[in-house]
Peer 1: 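Let me give you the structure first, and then I'll get to my questions.
Just so you know, these numbers come straight off a predicted model, no measurement behind them.
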Amino acid sequence: MGDLLSLFVNSVFIGNILLAYFLGICSFIAVSKTIETATGLGFAVIFVLTVTSPVNWLIYHGLLAPGALSWAGYPELDLSFLKFITFIAVIAAIVQAVEMVIDRYSPLLYASLGVFLPLIAVNCAILGTSLFMVERNHTFIESVVFGAGSGTGWMLAIVSLAAIRKKVRYADVPAGLDGFGFIMIIAGLMAMTFMMFSGITL
Amino acid sequence: MHTNLSHYKEILIKGIWRENPVAYQVLGICSALAVTVKMSTAVVMSIALSLVAAFSGLIISSLRHWIPSNIRIIVELTVIASLVIVTDQILKAYLYDISKQLSIFVGLIITNCIILGRAEAFAMANNPADSFVDGLANGLGYSMILLAVAFLRELLGSGQFFGFSVIPQFLYDMGFQDMGIMVLAPGAFFIIGLLVWLKNSLPGVSHEKK
């Protein structure tokens, strides 16, 4: 239990998928103009990550990993090279399915999350989390916790950036730096802040 | 032939400099930063991404009349993912150490916004040769930023260039120290922010709209 909590805290703060591994920066910058949209996208990312990470774990360890197909009579088969194309297809399919389910049963939630869901299918953070999960040999339970933790960390980062951008909207920034360059420097300062958490063990 | 050449030159300059995908369109920085601690990984990543961008442009553009528009994103992703798998296998076979260091970031070329963005915006509407050049140009534009960031991070962070120490010893004796922050994540953010500032201050660059 303590290990899982430690993994969660680690993936939220120290190994923050956005500020330490630079995943999902495209939407981090594009969707952080207002706090409301940032929060909506953040929740959508948490949800999709918590679902796709374990589903990809099952597919990888059940079908693709070296020796996974020994039950079918192919103990030497190693299909792990197919993981990129499989993961991206699974992610796109799950995002599509989630979108349809939400649309059918909760129009209110769809109104707030719906526009973000298609964006998420190509968010590097989602594919990155699944690939990290394979590379770090997580167990099934760990893959759920890691997915949820990465999503939470991502949301924390994007909502904080949206809040900071609101505060500095009227700041007098030098002409060439205004815009993208300025946001990157803010992100750098945020990354330094998140690194302060390293060394904390539970 | 002459008009043809100047036409390709136009596409190249647009992708590499005037509308540089990273600095101007804010695309594809997801993976641009993580592999820039050292020059060697950055060079391999640049070559891999430029080739995937060029060939995905070529293939998607050749198929553009047969792709139904409502499933085009899936088709594009499949083409890109297949090219990335080939790239990953080649790297594992010939450059195993570097492919270990690049870890998941080769796979993340699939979700790199530059490649999908160029497939959507350019390859679906132009002929294969133009799309190939356009993909290559955008890949090179991305590489330029990547290599600049990697050069500064490796030089300032560990005093090296391609793994060779280049800062003379007497500077260390005088009290110069490597900047640890450059090796860590925040260094990459700062450097890319400052590079964009520099680029925006140079003449002949289209400015980002506010």
Side-chain angles (χ1 to χ4, degrees), chain A residues 15-16 18-30 80-89 91-93 96 118 121-136 173-195 198, chain B residues 22-36 73-74 76-78 80-82 84-89 92 100 103-114 116-117 181 184-202 205 207-210:
Chain A
N16 187 293
L18 209 163
L19 295 170
Y21 293 104
F22 313 105
L23 300 179
I25 297 194
C26 304
S27 34
F28 176 63
I29 290 167
S80 57
F81 68 92
L82 284 176
K83 65 176 185 279
F84 298 139
I85 202 163
T86 318
F87 286 178
I88 195 80
I91 290 165
Q96 192 74 58
V122 286
N123 188 325
C124 336
I126 313 286
L127 183 64
T129 303
S130 287
L131 293 174
F132 268 136
M133 172 218 38
V134 168
E135 196 176 89
R136 295 177 185 168
V173 184
L177 186 62
D178 207 6
F180 174 49
F182 190 47
I183 298 169
M184 290 315 280
I185 289 179
I186 296 176
L189 292 171
M190 284 173 66
M192 281 174 78
T193 326
F194 272 65
M195 275 169 46
S198 57
Chain B
V22 178
Y24 171 72
Q25 304 173 64
V26 200
L27 290 177
I29 33 175
C30 309
S31 57
L33 298 173
V35 296
T36 52
I73 304 265
I74 297 175
E76 286 161 15
L77 276 177
T78 314
I80 296 166
S82 314
V84 170
I85 290 177
V86 173
T87 313
D88 185 50
Q89 295 294 312
K92 272 189 185 146
K100 274 282 159 221
S103 84
I104 68 162
F105 292 98
V106 177
L108 288 175
I109 294 178
I110 300 173
T111 48
N112 192 308
C113 328
I114 295 175
L116 194 66
I181 189 119
L184 301 168
F189 284 114
F190 293 140
I191 287 190
I192 206 153
L194 296 174
L195 277 180
V196 169
W197 188 6
L198 176 70
K199 184 177 175 297
N200 283 346
S201 314
L202 296 175
V205 180
H207 281 272
E208 189 191 344
K209 282 191 207 79
K210 271 202 87 174

Peer 1: Under 4.5 Å from any heavy atom of chain B, what part of A:Met195 do you find: side chain, backbone, both or neither?
Peer 2: side chain
Peer 1: Starting at CD1 of B:Ile104, measure out to CD of A:Glu135 and round the result to the nearest 0.5 Å.
Peer 2: 7.0 Å
Peer 1: Taking atom CD1 of A:Ile91 and atom OG1 of B:Thr111, what is their separation to the nearest 0.5 Å?
Peer 2: 8.5 Å
Peer 1: Mind ranking B:Pro186, B:Gly107, B:Ala81, B:Ala185 by heavy-atom pairs under 4.5 Å with chain A and telling me who comes out on top?
Peer 2: B:Pro186
Peer 1: What part of A:Leu189 gets closer than 4.5 Å to chain B, counting heavy atoms only: side chain, backbone, both or neither?
Peer 2: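 Both parts, heavy atoms under 4.5 Å.
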Peer 1: For B:Ile191, is it the side chain, the backbone, both or neither that has a heavy atom under 4.5 Å from a heavy atom of chain A?
Peer 2: neither
Peer 1: Under a 4.5 Å heavy-atom cut-off, does chain A meet the side chain of B:Leu195, its backbone, both or neither?
Peer 2: neither
Peer 1: Any side-chain heavy atom of A:Met184 within less than 4.5 Å of one from B:Val196?
Peer 2: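 A side-chain contact under 4.5 Å is absent here.
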Peer 1: Any side-chain heavy atom of B:Ile80 sitting closer than 4.5 Å to one from A:Phe84?
Peer 2: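 B:Ile80 does not reach A:Phe84 side chain to side chain.
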Peer 1: Sequence neighbours left out, what passes ring pair (Phe, Tyr, Trp, His ring centres under 6.0 Å) with B:Phe189? Give chain and number order.
Peer 2: A:Phe22
Peer 1: Can you tell which of A:Ile85, A:Leu127, A:Leu177 has the highest number of heavy-atom pairs within less than 4.5 Å of chain B?
Peer 2: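 Top count of heavy-atom pairs under 4.5 Å with chain B: A:Leu177.
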Peer 1: What part of A:Ala187 gets within 4.5 angstrom of chain B, counting heavy atoms only: side chain, backbone, both, or neither?
Peer 2: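 Looking at A:Ala187, backbone and side chain both touch chain B.
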Peer 1: Considering the options B:Thr78, B:Leu77, B:Val84, which one meets the side-chain contact (heavy atoms from CB on, under 4.5 Å) requirement together with A:Ile88?
Peer 2: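 The passing option is B:Leu77.
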Peer 1: Does CG in A:Leu82 sit with more than 12 non-hydrogen atoms of other residues, nucleotides or ligands closer than 6.0 Å?
Peer 2: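 Counting neighbours around CG of A:Leu82, more than 12 heavy atoms of other residues, nucleotides or ligands fall under 6.0 Å, so yes.
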